[in-house]
K.L.:
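Take this structure, written in structure tokens, and hold onto it; I'll ask about it next.
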Amino acid sequence: MASKIFVRPISIAFNAFRNYSSSSKLVDVSINDKTGIATVTMQRPPVNSLNYELLIELNGAFQDLGSKKIKGAILTSSLKTIFSAGLDILEMYKPKPERANAFWTSLQDTWITIFNTPYPTVAAINGHSPAGGCLLSLACEYRVMVNNYTIGLNETKLGIVAPFWFVASMKNTISNRESELALTSGRLYKTDEAFKVGLVDETAENKEDALAKAEKFFSRFDAVNPIARFLTKQELRGKIVKVGRKTFIYKIFRKFQICMMTRI
Ligand SMILES: CCCCCCCCC/C=C/C(=O)SCCNC(=O)CCNC(=O)[C@H](O)C(C)(C)COP(=O)(O)OP(=O)(O)OC[C@H]1O[C@@H](n2cnc3c(N)ncnc32)[C@H](O)[C@@H]1OP(=O)(O)O
């Protein structure tokens with residue numbers, strides 16, 4: 001039975017391409033019917049800060065793509081100099097418990113969805129990408145970043161403790177040693193510095209260049225069985241997701257509040 005699944009020809013997996021474009025207020029999704037590559041564009045000016053509504057739309061977009069048999073998906077931003085400024089500060093300022101719960105759940109769900117997609121993913125980071133913005137890119141399988149911007153998990157500089165699954169995402173990408181140095185100091189890397197430590201896989205001159213390089217990444221899977229690929233990805237990433245799910249909002253929230261209070 002299993003071998004039948006494994007020999008399913010790739011052409012069958014990809015024969016469902018069709019012109020597709022869907023634009024909601026905060027996220028635009030388009031699929032190129034020639035290449036089968038989807039582009040998911042965050043469009044929440046001024047800085048694509050991640051509030052509940054944007055996270056819900058992002059999560060929905062990546063989930064929907066799972067049923068469209070695409071070749072891969074690129075996550076990028078419609079803004080000129082910002083990929084994402086991370087979590088919306090207003091969601092964290094004196095939040096109502098229900099909203100805080102829904103917000104936190106939507107963040108974790110979105111991370112899990114992107115981290116676990118059956119199709120390959122690339123972040124085309126066309127601007128600054130601190131904290132939660134960096135997390136989104138870490139959830140993708142590959143990162144191409146335009147020169148002269150910054151990226152990193154800078155939570156400690158803000159007096160915030162990065163949750164376990166933020167840390168695990170970083171450690172899934174760069175070494176444990178570099179993660180420790182980066183996270184404890186809240187380091188934001190310039191594009192070239194991020195490239196040197198492997199936080200980004202390629203640098204780009206501009207957004208077009210980043211998108212072209214992102215598209216090229218998918219071609220390395222042309223001769224790879226998509227199901228075998230996905231099962232391998234799950235094998236590599238599954239444990240991180242399991243532990244991530246156990247991280248409970250109130251533990252994080254309490255740490256955050258205590259931390260913030262000590263700063264006031
Ligand atoms: C519940 C459980 C909790 C649980 C809590 C646990 C949290 C754990 C993890 C936390 C993860 C996070 O992502 S915490 C968020 C971390 N994010 C950051 O530190 C980013 C801060 N922002 C920046 O560094 C910069 O703004 C940057 C993105 C580079 C853009 O710089 P620019 O000079 O181009 O633009 P700016 O003038 O600074 O910003 C333009 C406007 O956007 C606003 N803005 C900037 N960042 C914003 C943000 N993150 N959220 C909202 N608004 C933001 C500014 O205030 C400005 O508003 P106006 O003045 O009105 O125009």
Side-chain angles (χ1 to χ4, degrees), residues 26 42-56 58-59 75-112 114-115 123 125-140 145-171 179 182-191 193-194 199 207 240 243-264:
L26 305 174
M42 294 177 279
Q43 45 187 29
R44 183 171 185 252
V47 291
N48 280 336
S49 61
L50 304 168
N51 69 347
Y52 172 75
E53 286 75 16
L54 174 54
L55 288 167
I56 290 291
L58 262 183
N59 190 16
L75 175 63
T76 192
S77 152
S78 67
L79 309 177
K80 279 201 172 133
T81 58
I82 316 283
F83 179 72
S84 166
L87 304 193
D88 192 321
I89 307 276
L90 296 176
E91 292 281 13
M92 297 186 278
Y93 179 67
K94 296 184 180 168
K96 291 206 170 95
E98 312 82 61
R99 174 81 183 188
N101 199 353
F103 169 67
W104 195 253
T105 305
S106 69
L107 174 66
Q108 201 161 23
D109 286 349
T110 305
W111 169 73
I112 288 171
I114 302 176
F115 200 69
I125 307 163
N126 58 316
H128 296 296
S129 191
C134 177
L135 176 80
L136 282 185
S137 75
L138 290 170
C140 296
M145 184 166 173
V146 175
N147 287 317
N148 299 318
Y149 292 116
T150 55
I151 185 169
L153 295 179
N154 58 325
E155 280 77 0
T156 52
K157 281 235 173 82
L158 308 170
I160 300 173
V161 180
F164 172 84
W165 38 286
F166 280 54
V167 178
S169 299
M170 191 71 140
K171 281 165 48 175
S179 299
L183 277 145
T184 52
S185 64
R187 180 169 178 186
L188 286 173
Y189 296 83
K190 277 273 174 94
T191 304
E193 297 169 337
L199 182 54
K207 184 177 180 182
I240 298 173
V243 183
R245 279 190 204 278
K246 284 183 191 154
T247 312
F248 194 54
I249 171 178
Y250 297 112
K251 269 193 190 167
I252 305 297
F253 193 41
R254 200 166 53 229
K255 270 190 191 171
F256 166 72
Q257 283 189 316
I258 291 166
C259 221
M260 290 310 284
M261 280 189 299
T262 57
R263 280 164 60 87
I264 292 166

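Keep in mind that what you see is a predicted model, and the values were worked out from it rather than measured. When a ligand or atom number is given, it counts from 1 through the structure's own listing order.
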K.L.:
Looking only at heavy atoms, which two atoms of A162 and V167 are closest? And how far apart?
P.N.:
O-CG2, 3.9 Å
K.L.:
Against heavy atoms of P130, which atoms of ligand 1 measure under 4.0 Å?
P.N.:
20 (C)
K.L.:
Near W104, which atoms of ligand 1 are under 4.0 Å from a heavy atom of that residue?
P.N.:
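Per the distance check, 2 (C), 4 (C), 5 (C), 6 (C).
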K.L.:
Which of the numbered atoms in ligand 1 are under 4.0 angstrom from any heavy atom belonging to L158?
P.N.:
16 (C), 19 (O)
K.L.:
Tell me whether R44 is salt-bridged to E53, with the criterion being a basic N under 4.0 Å from an acidic carboxylate O.
P.N.:
no
K.L.:
Going by heavy-atom distance to atom 18 (C) of ligand 1, choose the closest among A131, G86, P45, A85.
P.N.:
A85
K.L.:
Check each atom of ligand 1 against the heavy atoms of E155 and keep those under 4.0 Å away; list them by number with element.
P.N.:
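Within the 4.0 Å cut-off of E155, ligand 1 contributes 9 (C), 10 (C), 11 (C).
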K.L.:
How would you list, by chain and number, every residue that makes a side-chain hydrogen bond (donor to acceptor under 3.5 Å, both in side chains) with N59, sequence neighbours excluded?
P.N.:
T113
K.L.:
May I ask whether L90 places a heavy atom under 4.0 Å from ligand 1?
P.N.:
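Checking ligand 1 against L90, which is what was asked, there is no heavy-atom contact under 4.0 Å.
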K.L.:
At their closest point, which heavy atom of I82 faces which heavy atom of S77, and how far apart are they?
P.N.:
O-OG, 2.6 Å
K.L.:
Below 4.0 Å, non-hydrogen atoms only: which portion of V47 touches ligand 1? Side chain, backbone, both or neither.
P.N.:
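For V47, the contact with ligand 1 is made by the side chain alone.
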K.L.:
Heavy-atom pairs closer than 4.0 Å: do any link ligand 1 to the side chain of L87, the backbone, both, or neither?
P.N.:
both
K.L.:
Say whether I89, considering both its backbone and side-chain N or O atoms, lies within less than 3.5 Å of an N or O atom on ligand 1.
P.N.:
yes
K.L.:
Is there a donor-acceptor pair under 3.5 Å between the side chain of K207 and the backbone N or O of L79?
P.N.:
no
K.L.:
At under 4.0 Å between heavy atoms, is it the side chain or the backbone of I82 that contacts ligand 1, or both, or neither?
P.N.:
side chain
K.L.:
Minimum heavy-atom separation for A131 and L153, please, with both atom names.
P.N.:
O-CD2, 3.4 Å
K.L.:
Would you say the side-chain atoms of T191 and N147 include a donor-acceptor pair closer than 3.5 Å?
P.N.:
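There is no such pair (donor and acceptor under 3.5 Å, judged by atom type) between the side chains of T191 and N147.
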K.L.:
Could you check N48, L54, L55 and say which one makes a side chain to side chain contact (heavy atoms under 4.5 Å, CB included) with L26?
P.N.:
L54
K.L.:
Near P46, which atoms of ligand 1 are under 4.0 Å from a heavy atom of that residue?
P.N.:
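So the answer, numbered in order with elements, is 41 (C), 42 (O).
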K.L.:
If I apply the N/O under 3.5 Å rule, does A162 come out as touching ligand 1?
P.N.:
no
K.L.:
Could you tell me whether L50 approaches ligand 1 through its side chain, its backbone, both or neither, with non-hydrogen atoms closer than 4.0 Å?
P.N.:
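Neither part.
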K.L.:
In ligand 1, which numbered atoms sit nearer than 4.0 Å to a non-hydrogen atom of S49?
P.N.:
48 (C), 50 (N), 51 (C)
K.L.:
Closer than 4.0 angstrom: is that true for some heavy atom of D88 and an atom of ligand 1?
P.N.:
yes
K.L.:
Got a sec, which residues hit ring-ring contact (aromatic ring centres under 6.0 Å, His included) with Y52, two or more places apart in sequence or on another chain?
P.N.:
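For Y52, no residue satisfies ring-ring contact (aromatic ring centres under 6.0 Å, His included) once neighbours in sequence are set aside.
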K.L.:
So if I count the atoms of ligand 1 from 1 in the order they appear, which ones are less than 4.0 Å from some heavy atom of N154?
P.N.:
19 (O)
K.L.:
Please identify which atoms of ligand 1 are closer than 4.0 Å to at least one heavy atom of F166.
P.N.:
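Answer, ordered by atom number: 9 (C), 11 (C).
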K.L.:
In terms of relative ring orientation, are W165 and W111 parallel, tilted or perpendicular, with 30° and 60° separating the classes?
P.N.:
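Tilted: the ring planes of W165 and W111 meet at 30° to 60°.
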K.L.:
Write down the atom of S179, the atom of K171, and the distance for their closest heavy-atom approach.
P.N.:
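Residues S179 and K171, closest heavy atoms: OG-CG, 3.5 Å.
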